[in-house]
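Notes follow once the structure below has been shown.
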Amino acid sequence: MGGLTVVIGFMGAGKTTLARELAAARGVDHVDTDALLVQRFGRSIEEVFDAEGEPAFRAAEEEVVLALLDSRPPGRDPVVSLGGGSVLSERVRRALGDHTTVLLDVPLDLAWERAAGRNRPLARDRDAFAALHAERHALYEALADAHLPQADPGLVVRADAALRALADAPPGTRMAWAHAASGEYPVFVGRGVLGMAVPGLPGRAFAVTDSAVGELHLASLRDLAGVIEIPPGEQHKTLQTAERVWHAMVEQGITRADHVVALGGGVVGDLAGFCASAYQRGLPVVQAPTTVVSQVDSAYGGKTGVDLPEAKNYVGAYHQPAAVLVDTQTLATLPPEEHAAGYAEVLKTALIAGGPLWDHIAAGGAVDDDTIFACARTKLAVVAADERDGGRRQVLNLGHTIGHALEVTLGYGTLRHGEAVGLGLLAALRLSGRTDLRALVAELLDAHGLPTTLPTAAVDPEAIVAATRLDKKRTSQARTPFVLVRAPGDVVHGQDVADDDVALAVRELAA
Ligand SMILES: NC(=O)c1ccc[n+]([C@@H]2O[C@H](COP(=O)([O-])OP(=O)(O)OC[C@H]3O[C@@H](n4cnc5c(N)ncnc54)[C@H](O)[C@@H]3O)[C@@H](O)[C@H]2O)c1
């Protein structure tokens, strides 16, 4: 990676404007390949399309783009924006490998709103436009080193340090820019990213980790000023452990001008994030997740907290990370049963996302780096739409209402969180009336060594129903709202479900 910064994306994404802004901020030139083509043909792209046809245009486009990507003009490297179809050329795709490729994501509806009615040759028919959007999306995704969401005009400038950091990151590292109302941050995903230099972090770095992870992966972090260790396991995600961490923070002289690196699974991430949110009223935390659960889910979105004996995650705070370092290499040391537990969160995320991620998982696809990155981006998109669980974010609770109730009722540690979520997914699919999907998900859980029935028959469904009433989603005396699945990619929150139906869905798990 390195070379030029090249902005790609679908028509209507705003590539030209974004590249121009970035170039201005860097004090370099901006080159737009569509503009070069207009110059070369001496007429508009629409006119070339209509007069000479798309193939003639694509041939000229390939030539112009390759000339630009292969040349390194003297002086400071320009920022380049490419026409939406340039990446159809295999030679262009190959040439992009030497550069930092930035994808500006644009949802279909917004792209259509911007492109339609402007005499764009490929934006004359809504259905054809939608098909092209889906088809091209896969191409863009495969090429992108960095993903930027649609946001305010200053976003690319604020993300620039993270874009530049990619040049020195381990080969193959990808970055997604997380954007939520209360904060934004880079998410770096790759092999060896624990050792990369993250731009913009204040002061000294202090790691919080559990003793098992510390022994295996602490040495990968660079320039630590201190380390605080907690014992591993959900049973230590408590206020008592948090208090011990706060005391250790005082002892080590940590100040608000420093930052914490939470190295570990979801327990460390939630607890260290919570400690960071409250210590001296808040210091930055970098999430460095090392389990599948945390890499696909818990490290993003800023929810932190600890359990109470009465209920899970009952005390906590929203505290967005300053950065997330997802080193997929750390998963090599993760025990098989933890991989399995993480698979339940992957399934949940794939059901929420639908599309290519669901297709991959439903076909029995492996949880590879691409899957982890896709899950991360799914969660980031949901959180961007609703940071504080007011609405859409509740879909992330799919399978968790009954999952959490099982954990509480059976006693923390009896079921792993992921195992409980897998069972919760089955119950949620039953409540959704999706027998077919329930069967497929049960098959996938089973194939990954996850339970599809409760470990003990001695479970009282009424006790589980009672425990769902303690779910934090319940805000009045009404029943706890459920998240249900209409279809993969079409998941709805806030659904009212009768207690009897919940009991039935739980009883089915005991069978
Ligand atoms: N904040 C959120 O949005 C959110 C979302 C989902 C889950 N969670 C929380 O996450 C927690 C579960 O996280 P988890 O499943 O990661 O559990 P965990 O943090 O307890 O980790 C599981 C076990 O794996 C070990 N481990 C971690 N990384 C390892 C590695 N690379 N190699 C070897 N061993 C390793 C740990 O020491 C631990 O024993 C729950 O408390 C849950 O509530 C939070």
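Order of appearance sets the numbers: ligands from 1, and atoms from 1 within every ligand.
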Legend entry - Over all atoms of both residues, closest heavy-atom pair of Leu425 and Leu398: CD2-CG, 3.6 Å
Inset, instruction - State, with a plain yes or no, whether a side-chain heavy atom of Thr371 is found less than 4.5 Å away from one of Ile361. - result: yes
Legend entry - Gap between atom OH of Tyr279 and atom CZ of Arg256 - 0.5 Å precision: 10.5 Å
Legend entry - His417 versus Glu407, side-chain donor and acceptor atoms under 3.5 Å: yes
Legend entry - Phe206 six-ring centre to Arg204 NZ/CZ under 6.0 Å and within 45° of normal: no
Legend entry - Lys303 and Asn313: side chain donor to acceptor below 3.5 Å: no
Inset, instruction - Identify, chain by chain and in numerical order, each protein residue with a heavy atom under 4.0 Å from an atom of ligand 1. - result: Asp210, Ala212, Val213, Leu216, His217, Pro232, Glu234, Lys237, Gly265, Gly266, Val267, Asp270, Thr290, Thr291, Val293, Asp297, Ser298, Lys303, Lys312, Asn313, Thr330, Thr333, Leu334, Pro335, Glu338, Lys379, His417
